[in-house]
Asker: 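The structure under discussion is supplied below as structure tokens; questions concerning it will follow.
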There are 2 protein chains.
Amino acid sequence: MGRRSDHSPDELRELLVLSGHALMGERGFAKFSAREAARRAGYSVGTIYNVFGGLDSYLIAINSRTFRQWGAWLEAALIDAPSDRAGRIEALVRAYFGFAQNNQNVWMAIYDHRIDRSIEIASEDDAAREGLTSIVDREVASTLGLNDNDARRLVRSLIATVHGHCALWLTGSYALLEEKDPAGQAVDRVLEILTHHLTPSES
Amino acid sequence: MGRRSDHSPDELRELLVLSGHALMGERGFAKFSAREAARRAGYSVGTIYNVFGGLDSYLIAINSRTFRQWGAWLEAALIDAPSDRAGRIEALVRAYFGFAQNNQNVWMAIYDHRIDRSIEIASEDDAAREGLTSIVDREVASTLGLNDNDARRLVRSLIATVHGHCALWLTGSYALLEEKDPAGQAVDRVLEILTHHLTPSES
DNA sequence: TTTTTAATTGAACACTGTTTAATTCCATGA
DNA sequence: TCATGGAATTAAACAGTGTTCAATTAAAAA
């Protein structure tokens with residue numbers, strides 16, 4: 001069992017997040033077990049409560065790791081993307097789907113974990129979430145002839161549009177059960193929406 | 001405790017679905033307990049396994065009830081809706097959101113319950129799910145100048161679009177945290193998309 | 001070296017879902 | 001009317017879970 005000289009507080013925190021994230025990837029949210037995650041890290045459950053204060057905060061930390069990986073995945077995809085607007089949008093949406101498909105369990109865990117509004121999320125975890133939308137902000141909003149606030153709202157609405165397709169697809173929900181290319185549908189919808197928000201000179 | 005003369009098999013099935021549905025509404029999927037649902041119906045857990053064969057089938061039956069209520073809610077909203085196309089679409093989307101907001105726990109349980117692909121859903125439960133999309137089919141697809149298959153795909157993509165807004169909103173996800181009128185955003189996106197798929201004479 | 005302080009554990013508690021032997025009840029036949 | 005066969009129902013057992021907290025252990029301070 002772990003001795004406190006084995007790891008600094010930060011190392012221990014990281015170690016637990018790593019083992020928890022790996023377990024989440026194997027089992028998914030429904031079958032996740034904090035006991036098992038601690039066991040695999042070489043510690044006992046209590047340590048998780050010491051380090052994170054509670055299960056919710058631990059799960060938030062695990063999901064934050066997913067958010068950071070997701071952001072990096074999108075950035076990587078944008079490097080190889082074409083330079084025209086439609087091409088970049090398509091690359092972004094397909095990368096969104098690609099990450100979700102290649103990391104189904106941890107991706108879905110983000111939305112499976114319902115956080116009570118009373119619990120406040122640490123600024124570091126908040127940043128991980130914000131990082132993702134800021135990529136889309138940078139990629140989409142700046143090209144639109146809208147004031148900042150309208151652009152912000154539109155970007156978030158576009159994220160919701162893509163999310164809806166991805167979520168219904170990966171959860172195997174009825175609506176998209178027979179759809180062969182959900183990402184393609186999402187791309188089409190996003191581009192259709194965007195043409196409505198371009199100034200004439202941009203279209 | 002329940003005696004078998006108290007209820008016919010069908011009545012018992014219905015009784016258990018009712019108590020389970022009520023409990024789901026109170027507690028939500030994460031805190032749902034089959035034991036407690038059976039207890040409130042006046043039976044013990046084992047009865048649920050007898051009647052439904054397993055927890056998954058029980059949850060499917062509970063969610064089917066939600067689907068039927070949801071469908072009825074939409075139909076009711078369409079009766080009072082204006083007769084112009086945009087007005088009816090808006091009424092439909094807002095009713096979609098309205099049901100979800102007024103029945104948060106049971107609505108989310110639909111998507112929280114991940115059904116293993118191996119488990120087959122009874123035709124009755126399938127119909128409950130299909131009923132919902134068929135409402136949108138009837139309301140939207142027939143007005144479009146598309147062949148049947150394209151219209152089907154588009155309708156499902158529109159459902160995914162609305163679902164994404166509703167899901168991110170109700171789960172309190174980051175993207176829509178500050179959005180005051182998520183339903184309005186969904187309506188706008190749907191209408192923007194639809195104008196792309198209308199024949200010139202319809203627009 | 002002893003004392004203090006903090007990290008870590010392990011056990012207890014009240015719950016789950018799931019299975020199965022035992023019980024209880026009902027309908028049928030004598 | 002009463003016994004019996006069979007089906008509905010239960011209770012108990014099992015292996016887990018999250019959560020808390022006294023007891024223990026190890027490192028740091030004195």
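By convention in this document, chain letters (A, B, ...) are assigned in the order of the sequence lines, proteins followed by strands, and residues within each chain are numbered from 1. Keep in mind it's a predicted model, so treat the numbers as computed, not measured.
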Asker: Atom OH of Y43(A) and atom C1' of dA6(C): how far apart are they, to the nearest Å?
Answerer: 14 Å
Asker: Suppose we screen for ring-ring contact (aromatic ring centres under 6.0 Å, His included). Which residues come up paired with F97(A), at least two apart in sequence or across chains?
Answerer: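 If we apply the ring-ring contact (aromatic ring centres under 6.0 Å, His included) test to F97(A), skipping adjacent residues, the hits are W169(A).
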Asker: Cut-off 3.5 Å, no hydrogens considered: what does the side-chain donor-acceptor table look like for residues 122-129 of chain B, sequence neighbours left out?
Answerer:
from: D125(B); atom 1: OD1; to: S64(B); atom 2: OG; distance (Å): 2.7
from: R129(B); atom 1: NH1; to: S64(B); atom 2: OG; distance (Å): 2.8
from: R129(B); atom 1: NH1; to: D125(B); atom 2: O; distance (Å): 2.9

Asker: Can you tell me how far P of dA15(D) sits from CD of E36(A), to the nearest Å?
Answerer: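 After rounding, the gap between these two atoms is 16 Å.
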Asker: Whole-Å distance between dA26(D) P and L12(A) CG?
Answerer: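 Rounded to whole Å, this separation is 17 Å.
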Asker: Of S33(A) and P9(B), whose nearest nucleotide on DNA chain D comes first from the 5' end?
Answerer: P9(B)
Asker: Identify, with sequence neighbours excluded, every residue that meets salt bridge (charged side-chain N to carboxylate O under 4.0 Å, His left out) alongside R65(B).
Answerer: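 Counting only residues at least two positions away or on another chain, R65(B) forms no salt bridge (charged side-chain N to carboxylate O under 4.0 Å, His left out).
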Asker: Report all interatomic pairs (protein N or O, nucleotide N or O of nucleotides 11-13 of chain C) with separations under 3.5 Å.
Answerer:
from: dA12(C); atom 1: N6; to: R35(A); atom 2: NH2; distance (Å): 3.1

Asker: Grab the CG-C1' distance between D10(A) and dA7(C) for me, whole Å please.
Answerer: 15 Å
Asker: Does anything in residues 46-62 of chain B reach DNA chain C, meaning a heavy atom under 4.0 Å, and if so which residues?
Answerer: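 DNA chain C contact set from residues 46-62 of chain B: Y49(B), L55(B).
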Asker: Under the rule for side-chain contact (heavy atoms from CB on, under 4.5 Å), what residues qualify as partners of E179(A), not counting sequence neighbours?
Answerer: L176(A), D181(A), P182(A), Q185(A), R153(B)
Asker: Is there any salt bridge (Lys or Arg N to Asp or Glu O under 4.0 Å) pair reaching into residues 160-173 of chain A, and which pairs are they, with sequence neighbours excluded?
Answerer: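 Every candidate salt bridge (Lys or Arg N to Asp or Glu O under 4.0 Å) pair involving residues 160-173 of chain A fails, so no pair, neighbours aside, qualifies.
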Asker: Considering only distance and modelled atom types, tabulate donor-acceptor pairs under 3.5 Å from the side chains of residues 29-37 of chain B, sequence neighbours left out.
Answerer:
from: S33(B); atom 1: OG; to: R35(B); atom 2: N; distance (Å): 3.3
from: S33(B); atom 1: OG; to: E36(B); atom 2: N; distance (Å): 3.0
from: E36(B); atom 1: OE1; to: R39(B); atom 2: NE; distance (Å): 3.1
from: E36(B); atom 1: OE1; to: R39(B); atom 2: NH2; distance (Å): 3.1
from: E36(B); atom 1: OE2; to: R40(B); atom 2: NE; distance (Å): 2.9

Asker: Whole-Å distance between dG16(D) P and F32(A) CZ?
Answerer: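 Rounded to the whole Å, the gap is 17 Å.
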Asker: Examine distances only and state if a side-chain atom of H196(A) and a backbone atom of E192(A) form a donor-acceptor pair shorter than 3.5 Å.
Answerer: no
Asker: Cut-off 3.5 Å, no hydrogens considered: what does the side-chain donor-acceptor table look like for residues 69-78 of chain B, sequence neighbours left out?
Answerer:
from: W73(B); atom 1: NE1; to: A95(B); atom 2: O; distance (Å): 3.2
from: E75(B); atom 1: OE1; to: R138(B); atom 2: NH2; distance (Å): 3.0
from: E75(B); atom 1: OE2; to: R138(B); atom 2: NH2; distance (Å): 2.7

Asker: dA15(D) C1' sits how many Å from K31(A) NZ, rounded?
Answerer: 15 Å
Asker: Would a 4.5 Å heavy-atom cut-off, applied to side chains only, mark L158(B) and V162(B) as touching?
Answerer: no
Asker: Which residues satisfy the side chain to side chain donor-acceptor pair (under 3.5 Å) test with S83(A), sequence neighbours excluded?
Answerer: none
Asker: Could you give the side-chain donor-acceptor pairs of residues 49-57 of chain B under 3.5 Å, partners two or more places apart or in another chain?
Answerer:
from: D56(B); atom 1: OD1; to: H113(B); atom 2: NE2; distance (Å): 2.8

Asker: What parts of residues 112-119 of chain B reach DNA chain D, counting only heavy atoms under 4.0 Å away?
Answerer: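 Nucleic-acid contacts, sorted: none.
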Asker: Could you tell me how far apart F29(B) (CZ) and dT16(C) (P) are, to the nearest whole angstrom?
Answerer: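 Those two atoms, CZ and P, are 14 Å apart.
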Asker: What's the NE2-P distance between H7(B) and dC25(C), to the nearest Å?
Answerer: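 In whole Å, dC25(C) P lies 15 Å from H7(B) NE2.
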